[in-house]
Amino acid sequence: SLFPQQKEIRDFIGSLGQKTNYFVIFHKTDEEAAKGLEPIHQFLGELDKKLSDQKFTFGNEITAADIRLFSLLIRYQLHCVGTVAPARSVKDFPNVWRLIKDVYNTGNIKSTVFQDDIREGFFQKMHVQPGPNSTKIDFSS
């Protein structure tokens, strides 16, 4: 049954948004951030393994879960990577990175991704500065 997997992914997606905001704003040390990011990195590793023999999270057809996961993972990449020192890039997980690019290139999705707005809006709203290595995502690589 896919239900346990769907619940696991829904739970992860829900917590990822909360954790992303928390780690960018409230972490005091890199060690504290690293400990908090462990579940995210662990999930990305497990998802990467799962995607080694299928295109999307629940098989070879795109679902709403893939689009929601895509949305959160690009926000994680834009908000945390380069700002929170121990945050690993989604590109460190080749199958997850492939999923992100596949979703990005599906239909008109790429026309809805405004990276500058996502980055600048978040950092302005949270009154923090992006990290020195925080950059836009190059979907061509």
Side-chain angles (χ1 to χ4, degrees), residues 1-126 128-141:
S1 165
L2 291 179
F3 181 75
Q5 293 173 334
Q6 289 174 341
K7 182 176 180 342
E8 176 186 335
I9 289 178
R10 271 197 322 268
D11 291 348
F12 169 74
I13 289 171
S15 69
L16 179 63
Q18 295 168 351
K19 289 179 182 182
T20 297
N21 292 346
Y22 175 83
F23 293 118
V24 170
I25 300 166
F26 299 113
H27 75 279
K28 293 185 180 7
T29 66
D30 288 346
E31 292 78 23
E32 180 183 298
K35 184 175 180 177
L37 288 167
E38 283 176 15
I40 294 171
H41 295 159
Q42 180 180 350
F43 179 86
L44 289 172
E46 291 171 11
L47 181 60
D48 196 65
K49 286 179 192 168
K50 179 178 180 170
L51 292 171
S52 67
D53 62 357
Q54 61 192 52
K55 188 171 180 175
F56 296 106
T57 53
F58 296 114
N60 291 316
E61 299 293 325
I62 193 168
T63 66
D66 298 301
I67 295 169
R68 187 163 181 220
L69 187 59
F70 164 83
S71 176
L72 285 167
L73 289 176
I74 62 169
R75 281 163 175 73
Y76 162 80
Q77 183 75 15
L78 292 169
H79 298 166
C80 287
V81 176
T83 299
V84 180
R88 291 182 63 190
S89 172
V90 293
K91 292 181 179 183
D92 293 343
F93 304 92
N95 296 312
V96 173
W97 178 231
R98 177 191 40 78
L99 171 113
I100 290 169
K101 292 191 301 184
D102 287 345
V103 172
Y104 179 78
N105 288 303
T106 298
N108 293 326
I109 289 177
K110 73 173 77 176
S111 69
T112 69
V113 179
F114 302 99
Q115 292 188 58
D116 290 334
D117 293 343
I118 293 167
R119 286 181 75 248
E120 293 168 17
F122 173 80
F123 289 115
Q124 287 173 3
K125 179 180 173 186
M126 298 302 166
V128 295
Q129 293 296 316
N133 299 317
S134 176
T135 62
K136 289 171 65 169
I137 302 168
D138 178 3
F139 287 99
S140 65
S141 61

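Please read all numbers here as calculations on a predicted model, not as lab measurements.
Residues Phe56 and Val103 meet the side-chain proximity criterion, which asks for heavy atoms closer than 4.5 Å. With a 4.5 Å cut-off on side-chain heavy atoms, Arg68 and Thr57 do not count as touching. Taking 4.5 Å as the limit, some side-chain heavy atom of Ile109 sits within range of a side-chain heavy atom of Phe70. Leu47 places none of its side-chain heavy atoms less than 4.5 Å from the side chain of Phe93.
Counted within 6.0 Å of NZ on Lys49, heavy atoms from surrounding residues, nucleotides or ligands total 12 or fewer; the atom is thus considered open.
Taking the side-chain hydrogen bond (donor to acceptor under 3.5 Å, both in side chains) definition, one finds that Asp53 meets it with nothing, sequence neighbours left out. With sequence neighbours left out, Ser89 forms a side-chain hydrogen bond (donor to acceptor under 3.5 Å, both in side chains) with Gln77. In this view, Asn105 and Lys110 satisfy the side-chain hydrogen bond (donor to acceptor under 3.5 Å, both in side chains) rule, not counting sequence neighbours. In terms of the side-chain hydrogen bond (donor to acceptor under 3.5 Å, both in side chains) criterion, Ser52 has no residue partners (sequence neighbours excluded).
The structure places OG1 of Thr63 at 4.0 Å from CG of Asp66, a figure rounded to the nearest 0.5 Å. To the nearest 0.5 Å, atom CG of residue Leu69 and atom CD1 of residue Ile74 are 11.0 Å apart.
Contacts classified as salt bridge (charged side-chain N to carboxylate O under 4.0 Å, His left out) and involving residues 93-106 (residues at least two apart or in different chains) are given here: Arg98-Asp102.
When each of Leu99, Asn95, Asp92 is checked for a side chain to side chain contact (heavy atoms under 4.5 Å, CB included) with Asp48, only Asn95 meets the rule.
At least one donor-acceptor pair under 3.5 Å links the side chain of Gln115 to the backbone N or O of Ile137.
The heavy-atom pair separating Leu73 from Val90 by the smallest distance is O-CG1, 4.2 Å.
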List the atom pairs, with distances to 0.1 Å, where a side-chain N or O of residues 37-44 and a protein N or O form a donor-acceptor pair under 3.5 Å, not counting sequence neighbours.
from, atom 1, to, atom 2, distance (Å)
His41, NE2, Tyr76, OH, 3.2
His41, NE2, Arg88, N, 3.0
Gln42, NE2, Glu46, OE2, 3.1

